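A short write-up of the structure that comes next.
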Amino acid sequence: MKQKTWIAVIVVGTLAINAMAYVVVRKRRASDVPPPPPVSATPAPPVTAPAPPAEDANEGLSRARRAAGLAALEDRDYDIAVREFTEALSLRRTPGGDLVELLRIATDLQSRERDRTRVEPARPAREPAVTRTPPRAKPSRSSPSRASPQHTKEEPPPVVEEPRNGLLLVTSTPPGLVVQVDGKAVDMTPARLPLRPGTYRVALAQGERRLMEETVVLEEDGVHSLNRDVSEQLAPPAPPRPVATTAPTEPQPTPPVAAAAPVAVKAEATGRGELDISSPSLYGEVWVNNRPYGFPPLVAQNLPAGPARVEVRVNGEVKRRMSVEVEAGRRVAVRVR
């Protein structure tokens, strides 16, 4: 009995010692763990979405500078024209359009005007040539019947100066129109044309359609500027407005909402499509089914479904021709090579 008692005492004591050791180890481990960082009371700043880029206001200022440069060209003030075209070109993010060509033309005219004023001074008026009568030869005493011949100096024939050419400068808004002189296509705007003095019939054309025609008198060694804005003539025609009718005296019943579905079906059943035309390797006027649509890239709208003939013309001459299938209610991409 005493042996069992001692065994129970030893087991209980061992368990008590292990429990005490376990509690001490847990306290030490808890003291070694660092305390959590204090939570800040100030909230984090909210994340704001980036503001959308503002519309580039320099494009409108660039167009205004271009118009001022064209007006200076018409007034033959080439210094102002060069300055305005330079400012317009610097305001554009991507240089394009006809500003580079207009700046080159204005610089050329400026240097030409300076050379003419520096090299060619005012010409003095020519004095009339004084003609002297040769003295009469005295007859010799040895032969009274014979008289000595009179020696006269032959004057060289007057040199006829050929008339100097004039310069015709033709610009348009938008650029890229065909310039015709006396019915013949010579260049595309902006154009710098040296011509002989005289009267010419100058026209701006798009394909077979003449947008403007004017008579120009070009003087010797003179510069004539012709600038026209034909944007309204190139704009697509506005859809016809519905004719207003008198309202009936009796109120009309309101159509049900379900009646809108046949309208959409009817719009799709009209058989019209669009062509998105681009021509990276050839710059010319695009014609679709013998109708001009302008210069690429462009979108030809309201085309009948079915095969369509697409042409690219340069100075009225067909350079590319292809047939494209127009799908109803869809836009088909066309790339002219």
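Keep in mind it's a predicted model, so treat the numbers as computed, not measured.
Separating the CD atom in Q206 from the CE atom in M212 is a distance of 13.5 Å, to the nearest 0.5 Å. Summarising the geometry, atom CZ belonging to R114 is positioned 12.5 Å from atom OH belonging to Y78; distances are rounded to the nearest 0.5 Å. Separating the OG1 atom in T14 from the CD1 atom in I10 is a distance of 7.0 Å, to the nearest 0.5 Å. Atom CG of L102 sits about 10.5 Å away from atom OG1 of T107, to the nearest 0.5 Å.
When all heavy atoms of A106 and L73 are compared, the pair lying nearest together is CB-CD2, 4.2 Å. Between P174 and V230, the shortest heavy-atom distance links the atoms CD-CG2, 4.4 Å. For P292 against E285, the heavy-atom pair with the smallest separation is CB-OE2, 3.4 Å.
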Is there a side-chain contact (heavy atoms from CB on, under 4.5 Å) between T173 and R66? Walk through the geometry before answering. CA-CA 10 Å; T173 303; R66 176 184 178 273; 3.2 Å; yes
As a quick check of understanding, evaluate side-chain hydrogen bond (donor to acceptor under 3.5 Å, both in side chains) for R209 and Q233, giving each step before the final call. CA-CA 11 Å; R209 177 187 175 192; Q233 301 183 32; 4.8 Å; no
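Residues meeting the salt bridge (Lys or Arg N to Asp or Glu O under 4.0 Å) test with R63, sequence neighbours left out: none. Residues passing the salt bridge (Lys or Arg N to Asp or Glu O under 4.0 Å) test with R83, sequence neighbours excluded: none. Shown here are the salt bridge (Lys or Arg N to Asp or Glu O under 4.0 Å) partners of R335, two or more places apart in sequence or in another chain: there are none.
Using a 4.5 Å cut-off between side-chain heavy atoms of Ile, Leu, Val, Met, Phe, Trp and Tyr, with links allowed through other members, W287 and M188 fall into different hydrophobic clusters. Note on L204: it clusters hydrophobically with L168, by side-chain heavy-atom contacts below 4.5 Å among ILVMFWY residues.
A salt bridge links R228 with E214; the closest basic N to acidic carboxylate O contact falls under 4.0 Å.
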